[in-house]
Amino acid sequence: VFGKDITLILILNNLSFDHKSVKVDMSASTILYTRRAVAEILKATTSVDLGSKQGKHIRLKIPYSYYGKYLTTDKRIQVTALCEVLNMHGVKLLVEKTIILEDTNIIIKIPRRVVVNKAVTLEISYANPLPEPVNRCILLVTLMNQQVKIHLARLAPKERSKIYFEFTPRRTGPLQLQVDFSCDKFSHVKGFVTIAVAPA
């Protein structure tokens, strides 16, 4: 989840009866959806001895403080591990994993029944998942082809807040509401809901 430390586990298994020593070069970079690297955020090297038919786990931790300021709106991190079996010249294995961090910031609550031409109030809650305060908070609400920009107060670390948004639907059928939350530390955290508007 965005704002939290990331823990990964690399599992190495020796499928043979021979003892093996493996050198592991690990790295992590923030990337765009096109897989183009933005910034390298972690580099580590370790060695592992594997006995006959033995398996071992290597833990890799990426703290939020490493990736936070380098993350793009795609919220993707690519982790690679290059495993080289020593004493066996040229035997290498590359493991790659792309992590897409989830947002759990926006929660939209709608009444059980929404009726055409009758005012309805929605509850929109938003949060700061980071261990640091955020400023210049803006909520962009898109509904019925119109956008409303709402300037919000700063949020303390891990703080959740909410606003109430009132509107009157002018037609029956499905209506999509989209919310976009941005601040000085991250941007474009989205939430959306489809509202079923019933006849009067």
Is atom [atom1] of [X] surrounded by more than 12 heavy atoms (other residues, nucleotides or ligands) closer than 6.0 Å?
| X | atom1 | value |
| --- | --- | --- |
| Lys162 | NZ | no |
| Lys53 | NZ | yes |
| Arg35 | CZ | no |
| Tyr66 | OH | no |

Check whether any side-chain heavy atom of [X] lies under 4.5 Å from a side-chain heavy atom of [Y], and answer yes or no.
| X | Y | value |
| --- | --- | --- |
| Val114 | Leu175 | no |
| Leu12 | Val24 | yes |
| Ile106 | Lys190 | no |
| Leu93 | Val85 | no |
| Ser27 | Ile41 | no |
| Ile58 | Met26 | yes |
| Lys185 | Asn128 | no |
| Val141 | Gln178 | no |

Nearest-0.5 Å distance, [atom1] of residue [X] to [atom2] of residue [Y]:
| X | Y | atom1 | atom2 | value |
| --- | --- | --- | --- | --- |
| Thr45 | Asp25 | OG1 | CG | 4.0 Å |
| Ile163 | Leu139 | CD1 | CG | 5.0 Å |
| Leu140 | Asp180 | CG | CG | 6.0 Å |
| Leu50 | Asp18 | CG | CG | 12.0 Å |
| Lys23 | Leu86 | NZ | CG | 7.5 Å |
| Leu130 | Ser65 | CG | OG | 11.5 Å |

Subject >> Residues Leu155, Cys183; criterion side chain to side chain contact (heavy atoms under 4.5 Å, CB included); working and verdict >> reply: CA-CA 9 Å; Leu155 288 174; Cys183 65; over 6 Å; no
Report yes or no: does [X] contribute a side-chain atom to a donor-acceptor pair with the main-chain N or O of [Y] at less than 3.5 Å?
| X | Y | answer |
| --- | --- | --- |
| Ser182 | His188 | yes |
| Lys56 | Asp49 | yes |
| Thr30 | Tyr70 | yes |
| Asn14 | Gly51 | yes |

Original post:
So which of Thr121, Val148, Val179 actually passes side-chain contact (heavy atoms from CB on, under 4.5 Å) with Phe165?
Top reply: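 Result: among Thr121, Val148, Val179, Val148 is the only option passing the side-chain contact (heavy atoms from CB on, under 4.5 Å) with Phe165.
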**OP:** Kindly assign one of parallel, tilted or perpendicular to the pair Tyr126 and Phe181, based on the angle between their ring planes and the thresholds 30° and 60°.
**Re:**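 Because their plane-to-plane angle lies in the 30° to 60° range, the rings of Tyr126 and Phe181 count as tilted.
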Ignoring hydrogens, what is the shortest heavy-atom contact between [X] and [Y]? Give both atom names and the distance.
| X | Y | value |
| --- | --- | --- |
| Val189 | Lys75 | CG2-NZ, 4.2 Å |
| Met144 | Phe167 | CE-CD1, 3.9 Å |
| Ala28 | Val79 | CB-CG2, 4.1 Å |
| Leu101 | Tyr67 | CD1-CE1, 3.6 Å |
| Ile31 | Ala37 | CG2-CA, 3.9 Å |
| Ala200 | Val116 | N-CG1, 3.6 Å |

**OP:** Could you tell me whether the side chains of Arg76 and Thr98 share a donor-acceptor contact shorter than 3.5 Å?
**Re:**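 The criterion, which ignores hydrogens and geometry beyond distance, is not satisfied for Thr98 and Arg76.
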Original post:
Hey, are Thr80 and Glu96 close enough side-chain-wise for a donor-acceptor pair under 3.5 Å?
Top reply: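 Their side chains do not contain a donor-acceptor pair, so the 3.5 Å distance test is not met.
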Original post:
Where do Leu42 and Leu60 land on the side chain to side chain contact (heavy atoms under 4.5 Å, CB included) test, with the steps shown first?
Top reply: CA-CA 10 Å; Leu42 184 70; Leu60 180 68; 3.4 Å; yes
Hydrophobic cluster identity match, [X] and [Y], side-chain contacts under 4.5 Å:
| X | Y | value |
| --- | --- | --- |
| Val193 | Val120 | yes |
| Val48 | Leu8 | yes |
| Leu122 | Phe192 | no |

**OP:** Mind running side chain to side chain contact (heavy atoms under 4.5 Å, CB included) on Arg171 and Val197 for me, showing each step along the way?
**Re:** CA-CA 7 Å; Arg171 60 178 177 80; Val197 182; over 6 Å; no
Subject >> Verdict with reasoning, Val134 to Phe186, per side chain to side chain contact (heavy atoms under 4.5 Å, CB included) >> reply: CA-CA 9 Å; Val134 295; Phe186 55 86; 4.2 Å; yes
